[in-house]
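Working notes, structure below.
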Amino acid sequence: MTDLIKATDDFVLQLFKEKLDDIYVYHDYTHTKRVVKSTHEIIDNSEIDVKEKEALLLAAYLHDTGYIYGADGHEEASAKIARDFLEKQQVGEETINLVQQLICATKFNDQPKGKLEEILRDADASHFAKDYYFETSELLKKELELRGQPKSNKEWRKENITVFTEKHRYYSDYAVKNWNVKKNENLMKLFKKKKKKTAKFKKEKLKVELKNQSPERAIQTLFRTTLRNHIKLSDIADTKANILLSVNAIIISLALANLIPKLDQISNRHLLYPTLILILFSVASIILSILSTRPNVTSGEFTDEQVQKREVNLLFFGNFHKVSFERYEKALMSLLDNKEEVYQSLLKDLWLLGVVLNRKYSLLRWTYTIFMIGIISSVVAFVIAFTTYEYPVVEGIIPG
């Protein structure tokens with residue numbers, strides 16, 4: 001790298017650091033370095049004399065410096081900045097004019113004139129043929145958004161495809177030979193993304209249409225969720241009842257094993273009533289726990305008249321377990337012929353589950369209440385018994 005090129009690099013870096021607006025997330029120093037690198041790549045594979053090479057590299061470094069004044073007319077602003085800087089570096093007028101010419105040739109809609117303009121134009125658009133194309137494309141999209149020109153993903157993808165197919169081409173021999181293949185690969189990826197997004201949109205649209213055409217799906221989900229929740233609540237109630245049953249059984253077992261055998265002793269008679277309170281409340285809790293989990297036995301039969309009037313729930317096994325399969329199949333098939341009657345049966349099943357759950361939880365609430373009262377009462381009784389009991393005084397022995 002010559003001293004002039006190094007000074008230009010430092011100048012552009014410092015200029016962008018101090019004066020470039022933060023909204024230019026694409027047209028920044030990183031983009032400039034990419035263009036310089038691509039310019040080097042083409043130069044190294046082309047027949048370019050030293051002066052032309054230097055002018056190309058200077059133009060590559062300075063071509064977007066005009067963005068410090070804004071995007072509009074940045075090529076002319078860049079050319080002016082280039083002249084001011086190169087004059088301070090005592091660069092010859094011929095080179096300055098060539099650099100300004102090359103910078104102005106980077107206008108995307110203009111046709112390049114001559115080999116040098118083609119090289120710089122190709123280097124400026126080299127990202128079309130690079131692996132990092134989609135990253136730089138997102139940066140440019142973000143920059144446009146920050147500049148007040150937001151574009152949806154669909155619009156941006158369509159615009160990029162248009163640029164690839166209608167507005168852009170490579171000019172230099174090296175770029176045509178080596179970059180067109182990768183550019184076409186990126187174009188195919190854009191088409192695939194477009195196709196994928198279109199297919200996804202059509203799929204989502206079809207889902208919405210099917211959902212609108214099939215309100216039964218929402219009804220079915222409602223029944224499925226509600227029935228599942230009722231069954232889960234029933235399981236929870238049974239689990240709670242079993243816990244209380246086990247706890248009270250343990251309490252009674254301990255009382256029978258440790259307390260009751262000692263009550264026949266005179267010194268332990270004061271513990272009789274507290275022990276009875278504890279056992280009676282525990283027995284009551286056990287009885288209520290059993291009642292809350294005890295299944296109801298039904299006849300297991302139904303008549304044809306009940307089926308016709310829809311007075312029997314064919315979805316509950318307790319109503320058909322004694323009926324022959326032929327009768328049950330006939331009754332159920334007649335039900336399935338009418339969608340409204342199916343929903344009515346589901347409603348009845350749901351309602352009956354609710355009735356059963358109400359009974360379970362009512363008994364369970366009483367069980368917990370009695371268990372709690374029993375525990376508190378027995379503890380209070382034991383405390384009273386111990387504090388009010390007068391120990392017998394034996395002659396010659398002082399109690400305590």
Side-chain angles (χ1 to χ4, degrees), residues 1-13 16 26-65 74-75 78-79 82 85-86 89 91-92 94-137 139-140 160-161 163-190:
M1 181 182 292
T2 64
D3 292 340
L4 177 58
I5 299 298
K6 179 65 171 61
T8 306
D9 187 1
D10 294 340
F11 167 75
V12 173
L13 176 60
F16 281 159
Y26 172 79
H27 291 98
D28 57 4
Y29 181 72
T30 302
H31 166 71
T32 298
K33 292 296 286 186
R34 284 197 297 264
V35 174
V36 171
K37 183 179 178 181
S38 296
T39 304
H40 265 297
E41 183 179 345
I42 299 176
I43 289 173
D44 291 342
N45 292 276
S46 305
E47 294 182 1
I48 305 290
D49 64 38
V50 176
K51 285 189 177 180
E52 290 177 337
K53 177 180 178 180
E54 185 179 57
L56 276 170
L57 292 175
L58 290 171
Y61 272 110
L62 297 164
H63 80 287
D64 276 341
T65 51
H74 70 274
E75 291 90 358
S78 298
F85 169 74
L86 294 174
Q89 300 297 317
V91 177
E94 183 181 350
T95 300
I96 294 175
N97 289 334
L98 180 56
V99 170
Q100 286 188 302
Q101 177 190 331
L102 292 173
I103 290 173
C104 291
T106 58
K107 292 181 180 179
F108 193 76
N109 294 324
D110 291 351
Q111 289 292 324
K113 300 173 183 178
K115 184 177 181 180
L116 299 184
E117 291 186 9
E118 291 178 351
I119 290 174
L120 189 60
R121 279 289 298 276
D122 287 349
D124 196 21
S126 60
H127 62 287
F128 288 157
K130 301 296 182 180
D131 292 331
Y132 51 76
Y133 162 69
F134 289 98
E135 287 78 4
T136 55
S137 178
L139 286 174
L140 182 55
N160 274 260
I161 290 173
V163 169
F164 268 71
T165 56
E166 299 177 14
K167 297 182 178 181
H168 175 264
R169 59 175 287 254
Y170 286 121
Y171 299 96
S172 64
D173 294 338
Y174 176 81
V176 170
K177 182 179 178 181
N178 295 278
W179 290 353
N180 264 334
V181 174
K182 186 60 181 179
K183 175 190 171 183
N184 291 333
E185 288 178 5
N186 287 333
L187 176 61
M188 291 306 298
K189 289 179 181 178
L190 282 171

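Start at 1 with the first residue, then count along the sequence.
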Exercise for review: With side chain to side chain contact (heavy atoms under 4.5 Å, CB included) as the test, would you mind laying out the steps for L62 and T65 before giving the verdict?
Suggested key: CA-CA 5 Å; L62 297 164; T65 51; 4.1 Å; yes

Review point. Can you find a heavy atom in the side chain of D173 that is under 4.5 Å from one in the side chain of V176?
Key: no

Check your understanding: Which pair of heavy atoms, one from E52 and one from D49, lies closest together, and at what distance?
Key -> N-OD1, 2.7 Å

Point to revise | Test item: E47 and K115 side chains (from C-beta on) under 4.5 Å apart, heavy atoms | key: yes

Check your understanding: Going through the checks in order, is the side-chain hydrogen bond (donor to acceptor under 3.5 Å, both in side chains) test met by E117 and Y171?
Key -> CA-CA 9 Å; E117 291 186 9; Y171 299 96; over 6 Å; no

Exercise for review: Would you indicate whether the side-chain heavy atoms of T95 and L86 approach each other to under 4.5 Å?
Suggested key: no

Exercise for review: Measure the spacing between OG of S38 and CZ of R34 and express it to the nearest 0.5 Å.
Suggested key: 9.0 Å

Check your understanding: If you look at every heavy atom in I103 and S78, which pair is closest and at what distance?
Key -> CG2-CB, 3.7 Å

Check your understanding: Can you tell me how far CG of L139 sits from OG1 of T30, rounded to the nearest 0.5 angstrom?
Key -> 8.5 Å

Check your understanding: Side-chain contact, heavy-atom cut-off 4.5 Å: D44 with Y174?
Key -> no

Exercise for review: Search all heavy atoms of T136 against all heavy atoms of H127 and return the closest pair with its distance.
Suggested key: OG1-CD2, 3.6 Å

Review point. Using 4.0 Å as the upper bound for N to carboxylate O, is an ion pair formed by D10 and K6?
Key: yes

Review point. Roughly how far, to the nearest 0.5 Å, is CG of L58 from CD1 of I96?
Key: 10.0 Å

Review point. Is any side-chain heavy atom of Y133 less than 4.5 Å from a side-chain heavy atom of L190?
Key: yes

Practice item. Measure the OH-CD1 distance between Y170 and I119 for me, rounded to the nearest 0.5 Å. Key: 14.0 Å

Practice item. Could you pull out the closest heavy-atom pair between S126 and A123, with the gap in Å? Key: OG-O, 2.9 Å

Review point. Got a salt bridge between D110 and R121, using NZ or NE/NH1/NH2 to carboxylate O under 4.0 Å?
Key: no

Point to revise | side chain to side chain contact (heavy atoms under 4.5 Å, CB included) evaluation trace for K182 with F128 | key: CA-CA 8 Å; K182 186 60 181 179; F128 288 157; over 6 Å; no

Check your understanding: Should we say atom NZ of K183 is surrounded by more than 12 heavy atoms from elsewhere, each under 6.0 Å from it?
Key -> yes

Exercise for review: Only one of L56, T32, T39 passes side-chain contact (heavy atoms from CB on, under 4.5 Å) with Y61; say which it is.
Suggested key: T32

Check your understanding: Are K130 and E185 close enough for a salt bridge, meaning some N to O gap below 4.0 Å?
Key -> no

**Study point:** Atom pair CG (L140) and OH (Y26), whose distance is rounded to the nearest 0.5 Å
**Key:** 6.0 Å

Point to revise | Flag for S172-D122: side-chain donor and acceptor within less than 3.5 Å | key: yes

Exercise for review: Carefully, step by step, assess D64 and Y29 under the rule side-chain hydrogen bond (donor to acceptor under 3.5 Å, both in side chains).
Suggested key: CA-CA 9 Å; D64 276 341; Y29 181 72; over 6 Å; no

Exercise for review: Cation-pi check, K189 to F134: give yes when NZ or CZ is under 6.0 Å from the six-membered ring centre and within 45° of the ring axis, no otherwise.
Suggested key: no

Check your understanding: Do you know which two heavy atoms are closest between A60 and V35, and how far apart they sit?
Key -> CB-CG1, 4.1 Å

Practice item. Return yes when atom CG of N178 has more than 12 non-hydrogen atoms of other residues, nucleotides or ligands closer than 6.0 Å, and no otherwise. Key: yes

Check your understanding: Picking from H31, H27, H74, what satisfies ring-ring contact (aromatic ring centres under 6.0 Å, His included) with H63?
Key -> H31

Review point. Which atom pair, heavy atoms only, marks the closest approach of I5 to T2?
Key: CG1-OG1, 3.0 Å

**Study point:** N184 (side chain) donor-acceptor with N180 (main chain) under 3.5 angstrom
**Key:** yes

Practice item. Nearest 0.5 Å please: distance from the NE2 atom of H40 over to the NZ atom of K33. Key: 8.0 Å

Review point. Do F108 and H168 have side chains that get closer than 4.5 Å, going by heavy atoms?
Key: yes

Check your understanding: Do the side chains of M188 and F164 get nearer than 4.5 Å, heavy atoms only?
Key -> no

**Study point:** Pairwise side-chain contact, L57 with I43, heavy-atom cut-off 4.5 Å (strictly under)
**Key:** yes

